[in-house]
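Presented below is the structure to which this report refers.
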Amino acid sequence: MNRLGNTEPALSQAPTILAIESSCDDTSASIVQNGRVLSNVTAGQKVHAEYGGVVPEHASRAHQRNIVPTVAVALKRAEITAEEIDAVAFTRGPGLIGSLMVGVSFAKAFALARDLPLIEVDHMQAHVLAHFAEDPKPVFPFLCLVVSGGHTQLVVVKSALEHEIIGKTIDDAAGEAFDKTGKMLGLEYPAGPRIDRLAKEGKPELRFARPKMDGLDFSFSGLKTSVLYTLRKEIAREENYLQENLADICASVQTAIVDTLVHKVKLAVAQTGIKQIAVAGGVAANSGLRAALNREAGKNDWTVYVPRIEYCTDNAAMIGVTATFKYREGLFVGQEVAPAARF
Ligand code: KG4
Ligand code: ZN
């Protein structure tokens, strides 16, 4: 449907798509031409670091400031003009409502001004399809472990747009487990990359609780409690315990989270028989997780796909790549579209 909702858009064989991502605290714009990423520009938000987590109010305001310059840079880097865009894609959800609203409204305005078709994208589906932003691309069906600050899912990816969630977290996401335990250790938000760095200098000698979840679902809240109790006990005994053992604590936290993730992937492989494993989301940047999966790949004859870090964390290239699959299927939405958690 075009903006008047009554005629079909003339479809391009090699669509040039402007994609927008604004679900959390990164404002990102990308130009994707016939499935190939020409540019991917992301403006982060430093404002949240001092609060120990994303402050939604600050996030929406920063998106509002960043969106126009971010899109301008994405067009410039791709050497594409606004007139050459065939469709506009945006993250519809899940995410923070005020943050999503900025990206959705920008996409609608751009599409309305140029009478372009609009494509809504599910943020989680896009994390999975980020693997198609570069080579080698996984072959269907594959298993995808999506681990970010907001979500932890195991997905059977049957085709580009047919995804079945076979496991998910019942409490904290894997990224949250890194960020919340990091906060207890006095590390700035987001603590994941900081724990990763410190873990390299430490030994995983502390045994934190592993969740006792049956099946393919995840739980990380027990780990937080386990770290908290250990810290309390040790600090009561030795005041400088945290400062003197920070690297070992980080290595132990990381090992507990990575062990849990890898254990569930092994279960999923046993259950589905699929040995093509893809990892997506911000936590896929974790060096311990990458190393553990590669070790398992060697032992079990798996093929493991991890996108480059720029495509693991929130980015608009994954939105553009997903939108290209939807464009080819003619899956457009009208101007009445609004952000939604599920659609
Ligand atoms: O996918 P993402 O950028 O945003 C969400 O959709 O949530 O993921 C952000 C999460 C944060 O929790 C951050 O701490 C975590 O990914 N993260 C990491 C690493 N890099 C980012 N966690 C562990 N190790 C890393 N190297
Ligand atoms: Zn994400």
Side-chain angles (χ1 to χ4, degrees), residues 19-28 30 40 42-46 48-49 51-54 56 59 63 90-96 99-100 103 121-131 133 144-153 155 168-169 172-185 187-200 202 218 220 223-224 250-262 278-293 306-319 321-322 341:
I20 309 291
E21 153 65 32
S22 71
S23 63
C24 189
D25 60 343
D26 290 305
T27 316
S28 187
S30 170
N40 181 44
T42 304
Q45 303 179 358
K46 294 213 183 332
H48 310 290
Y51 297 95
V54 176
H63 283 304
F90 60 92
T91 302
R92 187 172 171 202
L96 300 170
S99 291
L100 289 166
V121 172
D122 177 329
H123 181 83
M124 298 313 295
Q125 195 171 45
H127 268 305
V128 170
L129 296 178
H131 291 90
C144 190
L145 173 70
V146 189
V147 270
S148 73
H151 298 269
T152 299
Q153 292 182 345
V155 184
K168 60 185 179 323
T169 183
D172 290 344
E176 257 181 305
F178 274 106
D179 296 337
K180 288 182 178 172
T181 46
K183 196 172 177 181
M184 290 180 212
L185 305 177
L187 302 176
E188 254 190 14
Y189 175 86
R194 291 173 172 87
I195 292 183
D196 192 355
R197 234 179 357 258
L198 285 160
K200 291 193 179 104
F218 301 84
F220 290 103
L223 172 68
K224 255 182 342 201
C250 287
S252 308
V253 167
Q254 180 164 301
T255 302
I257 297 172
V258 168
D259 278 0
T260 308
L261 295 173
V262 173
V279 198
V283 180
N286 185 266
S287 59
L289 179 61
R290 287 172 178 237
L293 285 171
V306 191
R308 75 170 92 141
I309 290 178
E310 163 188 15
Y311 299 143
C312 285
T313 51
D314 286 349
N315 68 90
M318 67 184 192
I319 305 302
V321 168
T322 307

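All ligand and atom numbering here is 1-based and tracks the order in the structure.
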Item to check | Student check: side-chain heavy atoms of T152 and L261 closer than 4.5 Å | outcome: yes

Checklist entry - Do L223 and F178 have side chains that get closer than 4.5 Å, going by heavy atoms? => result no

Next on the checklist: For a quick check under 3.5 Å, do N286 and Q254 share a side-chain donor-acceptor pair by atom type?
Outcome noted: yes

Next on the checklist: For D196 and S287, which I'm curious about, is there any donor-acceptor pair between the side chains at under 3.5 Å?
Outcome noted: yes

Next on the checklist: To the closest 0.5 Å, what do you measure between CE (M318) and SG (C312)?
Outcome noted: 10.0 Å

Next on the checklist: To the closest 0.5 Å, what do you measure between CD (Q125) and OG1 (T322)?
Outcome noted: 6.5 Å

Checklist entry - Measuring from each atom of ligand 1, which residues have a heavy atom under 4.0 Å away? => result H123, H127, S148, G149, G150, G175, F178, D179, P190, G192, P193, D196, G281, G282, V283, A285, N286, C312, T313, D314

Item to check | Donor-acceptor pair, side chain of H63 and main chain of S23, under 3.5 angstrom | outcome: no

Next on the checklist: Does the plane of the ring in H123 sit parallel, tilted or perpendicular to the ring in H127? Use 30° and 60° as the thresholds.
Outcome noted: perpendicular

Next on the checklist: For the Zn ion (ligand 2), which protein N/O/S atoms fall under 2.8 Å? Skip waters.
Outcome noted: H123 NE2, H127 NE2, D314 OD1

Next on the checklist: Run the side-chain contact (heavy atoms from CB on, under 4.5 Å) test on I20 and T91 for me, step by step, so that the C-alpha distance in whole Å, both residues' side-chain angles and the decisive distance to 0.1 Å come before the verdict.
Outcome noted: CA-CA 7 Å; I20 309 291; T91 302; over 6 Å; no

